[in-house]
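Letters go in sequence order (proteins before strands), and every chain restarts at 1.
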Number of protein chains: 2
Amino acid sequence: MPIILDPIDRHILRVLQRDGRISNVDLAKEVGLSPSPCLRRVRLLEEAGIIDRYVAVLDPAKVGAGLTVFARVWFKTQDAEVTLRFAEAVRRFPEVMECYLTTGECDAVLRIVTADLHSYWRFQADHLTRIPSVLSVKTDVPMETLKRSFELPLR
Amino acid sequence: MPIILDPIDRHILRVLQRDGRISNVDLAKEVGLSPSPCLRRVRLLEEAGIIDRYVAVLDPAKVGAGLTVFARVWFKTQDAEVTLRFAEAVRRFPEVMECYLTTGECDAVLRIVTADLHSYWRFQADHLTRIPSVLSVKTDVPMETLKRSFELPLR
DNA sequence: AGTCCTGCGCAATGAGCTTGCGAAGCATCC
DNA sequence: GGATGCTTCGCAAGCTCATTGCGCAGGACT
């Protein structure tokens, strides 16, 4: 059932994670195949769902999303109802890029993207803390980041 | 200096964040332009660095990266030396997808991707806690996630 | 050895990218 | 008020690239 990836497949995936818009002929050249079998492999990887989709990655600073904030959230209670309502609520805010419902010290970790610190505090006060499930929020503002979001390790 | 994005540009960016490999003619159709000015706008957005790059998004579960873990890290001391050494050290591990050096309760937040929980604990024991800068690590294992990593909010 | 099967390369067709050019809308300045 | 310059559009031609069908080579199994 799990598709077996040979070295060429992994090579293709590595290249496409770096450049999702490389032409098929260049991709074929890079992995040492002729264009047609290379394209066939890519199609198979797509149909198997191993390649989920292709996206453009924008520069956050240049589209008014220069600040990434981690918010740790504590719920009033920890039942499924409250948790689901929270997950549903954050889905409506485009600022919330990721929501992790955790089993650790806090109940949820949010990665939130806004233009700057001021708009973040406004978002937290106006929207985040007003979600009924939320008891309290603690904020981590990153200073420097390593971003490898788009390249999964292929070993 | 900051490039002004008109509604058509934002429309283009939204579409490309969903589908980075859409053909230019389809993109033009969707935003209500003819192919050539549409392609010209895309090229400008690329040259301005607003579109940073295009990538293929893989399904983590299907490439042996099924588990995402948040690790909060505390340093032994908080001077620049220790911090930089830590940032340098995590860079060598492909499992570390993101590293946020924070100013909040802990000193760093890592997003770590491994195949499963067992490989995570092995990674933490063998590599993470052996970085000289590291005093202690606390782990948040997410149960359910909202993933919007690739679509920045355009308002 | 013969047969099947998988995956390769080649070639032809067609779709899409790319560029140059002329026209239309709009603001500025005599 | 009309002319000029600037911007951005659409059209068309040329050319690259994607896509498909087909034949061939190498390995496995009988």
Using the test side chain to side chain contact (heavy atoms under 4.5 Å, CB included), find all partners of [X] that sit at least two apart in sequence or belong to another chain.
X: A:K76; answer: A:L135
X: B:Q78; answer: B:D107
X: A:V15; answer: A:H11, A:R18, A:I22, A:L27, A:E30

Original post:
For A:R85, what residues pass the salt bridge (charged side-chain N to carboxylate O under 4.0 Å, His left out) criterion, not counting sequence neighbours?
Top reply: A:E81
Subject >> salt bridge (charged side-chain N to carboxylate O under 4.0 Å, His left out) partners of A:R43, counting only residues at least two apart >> reply: A:E46
Original post:
To the nearest angstrom, how far is B:E47 atom CD from C:dT18 atom C1'?
Top reply: 14 Å
Subject >> Base versus backbone protein contacts along nucleotides 6-17 of chain C [heavy-atom cut-off under 4.0 Å; B, S, -] >> reply: --SBB------S
